[in-house]
Amino acid sequence: MTRAEQTAAFRRIITETLDTILERTGDRPFLDTKFDVIDGRDYAGAAEPAFRSGRTVYAWIQGRGLEALAGHLHAGFGDAGRIRAVLRRVSSRLERIRAANGGRMFFMMSPDGVFLNGDGTPRREPLPGDANYSDLFCAKGLLHAARALQDAALEREALAYLERTVAAIGELRFVTDQQPFDPANPVAARPGKVQQGPFMIALSGIAAAAELTGDVKWLDRGCRFLRRVLTLHVDHSRGEPELFEAVRPDGTPYREDGYDPSFGARPLKRAIIRLVETPVSRQIIAGEIEPNSKLVIDRKGNELTFTATALPETVE
């Protein structure tokens, strides 16, 4: 396949995906993503678990969807009129819900804007911290929607919302609002655990704010966030960069090799790559591990050892 053919194929995939989302959303005030992208199964039915059904709306997905739709519109994808209509409806509904909840958003809610716990029950307790992931994604999404719609009033509201959220991130007043659905993966905010995610996720919103306002304060904040991540969350001492998902408030790594409830099995995969795959690959390249060998991995103190033994040749 030539590059031109690849480009045409990707454009077709993007356009068809946009058309599907826009068609499903129709005149609804929320983006409808409740379907299986592989087999097309619809999750809107009442028989589905609450967290996957149409009875639950995810605020952070709505915010991320606004940003994505505005970005695709800017790049010339999809039906511009339909996209703008969806941007208008969804941003208006999110602003009404936010106004009714002290200017905040939460991970999941009912279609009428009632915040929900992970088990689907109404959330009665106040939101912890001064910002969360839903605030961050919604602030960014509203700002991108305002730019696409050329809506000055929405732009002012979104900029103020983003500024409060970015300040909370920088001052470590950000608390994750992710909810647990799997008893084996009990997601919860942990005191003293500062993740790099909010700092990185905020960058696209900071860049949009800098472009819209021309105010260098946004560039300064973006640079501070980047320096923080590169200084505290990336370790170059072992040769290859190692990313720490979280640090403590004093900047020291919050390390739990292979386990982090906030990220499921992903840290385990990274630990296997760092501790096993990378050193084994280097030994293979160096000729220290021959083909048709048995490799025994053991532990000596805090280090793993690798012992390769040639297997006898088999005769077919």
Side-chain angles (χ1 to χ4, degrees), residues 1-95 97 105 107-111 133-134 136-151 154 158 178 181 197 200-205 207-208 211-212 263-266 269:
M1 182 179 290
T2 66
R3 176 164 297 191
E5 290 172 333
Q6 290 177 332
T7 300
F10 279 121
R11 288 192 68 90
R12 186 172 63 254
I13 291 170
I14 293 170
T15 300
E16 290 177 356
T17 302
L18 276 173
D19 287 344
T20 298
I21 296 294
L22 293 172
E23 184 67 30
R24 287 184 61 89
T25 299
D27 294 331
R28 297 185 183 93
F30 296 113
L31 291 166
D32 183 358
T33 60
K34 297 298 185 74
F35 67 99
D36 192 306
V37 297
I38 303 300
D39 61 18
R41 178 182 173 188
D42 197 323
Y43 292 142
E48 295 292 339
F51 73 89
R52 191 164 60 186
S53 74
R55 304 190 301 278
T56 301
V57 177
Y58 293 91
W60 68 274
I61 290 179
Q62 299 300 311
R64 182 66 187 92
L66 288 178
E67 182 178 359
L69 281 179
H72 284 90
L73 174 64
H74 181 72
F77 288 98
D79 184 318
R82 294 174 72 191
I83 292 176
R84 288 193 179 95
V86 170
L87 290 174
R88 174 65 67 191
R89 284 195 301 274
V90 175
S91 60
S92 296
R93 177 56 65 92
L94 292 181
E95 280 294 79
I97 293 172
M105 295 298 288
F107 188 80
M108 54 193 290
M109 58 189 175
S110 66
Y133 280 111
S134 296
L136 178 54
F137 279 111
C138 285
K140 292 199 307 166
L142 290 167
L143 183 59
H144 283 274
R147 180 167 61 173
L149 296 169
Q150 297 183 329
D151 185 328
L154 179 59
Q178 187 176 357
F181 299 127
M200 293 299 293
I201 293 170
L203 291 177
S204 65
E211 183 178 356
L212 276 172
F263 292 89
R266 280 175 285 174
K269 180 180 179 181

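Within the 3.5 Å criterion, the main-chain N or O of T2 finds a donor-acceptor partner in the side chain of E5. With hydrogens and angles ignored, the 3.5 Å screen pairs a side-chain donor or acceptor of S91 with a backbone N or O of R88. Side chain of T56 to backbone of R52: no donor-acceptor contact under 3.5 angstrom is found. When atom types are taken as modelled, the side chain of S134 and the backbone of A59 share no donor-acceptor pair closer than 3.5 angstrom.
For Y58, the ring pair (Phe, Tyr, Trp, His ring centres under 6.0 Å) partners are F107, not counting sequence neighbours. Taking the side chain to side chain contact (heavy atoms under 4.5 Å, CB included) definition, one finds that A68 meets it with R64, H72, sequence neighbours left out. Shown here are the side chain to side chain donor-acceptor pair (under 3.5 Å) partners of D36, two or more places apart in sequence or in another chain: Y43. Here A146 pairs with L154, E155 under the side chain to side chain contact (heavy atoms under 4.5 Å, CB included) rule; sequence neighbours left out. Listed by chain and residue number, nothing satisfies the side chain to side chain donor-acceptor pair (under 3.5 Å) test with R11 (two or more places apart in sequence, or in another chain).
A donor and an acceptor atom, one from each side chain of K34 and S53, are nowhere located under 3.5 Å apart.
Put simply, CG on L142 and NZ on K140 are 12.0 Å apart, with the number rounded to the nearest 0.5 Å. We find the CE-CH2 distance between M108 and W60 to be 12.0 Å, quoted to the nearest 0.5 Å. Taken from CZ in F30 to CD1 in I61, the straight-line distance is 12.5 Å, to the nearest 0.5 Å. Atom OG1 of T25 is separated from atom CG of D32 by 5.5 Å, given to the nearest 0.5 angstrom. In this structure, the separation between CD1 on I97 and CD on Q62 is 8.5 Å, given to the nearest 0.5 Å. Taking SG from C138 and CG from L143, the interatomic distance works out to 12.5 Å, rounded to the nearest 0.5 Å.
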Just distance, no hydrogens or angles: give the donor-acceptor pairs under 3.5 Å from side chains in residues 74-86, sequence neighbours left out.
from : atom 1 : to  : atom 2 : distance (Å)
D79  : OD1    : G81 : N      : 3.0
D79  : OD1    : R82 : N      : 3.1
R82  : NH2    : E23 : OE1    : 3.4

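Residue L87 comes nearest to A148 through the heavy atom pair CD1-CB, 3.8 Å, listed as atom of the first residue, atom of the second, then distance. Minimum interatomic distance between L31 and L66 (heavy atoms only, all atoms of both residues): CD1-N, 4.1 Å. Pairing each heavy atom of P111 with each of V57, the nearest pair is CA-CG2, 4.1 Å.
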Practice task
Just do the side chain to side chain contact (heavy atoms under 4.5 Å, CB included) check on S110 and R55 with the steps written out, would you?
Solution key: CA-CA 6 Å; S110 66; R55 304 190 301 278; over 6 Å; no
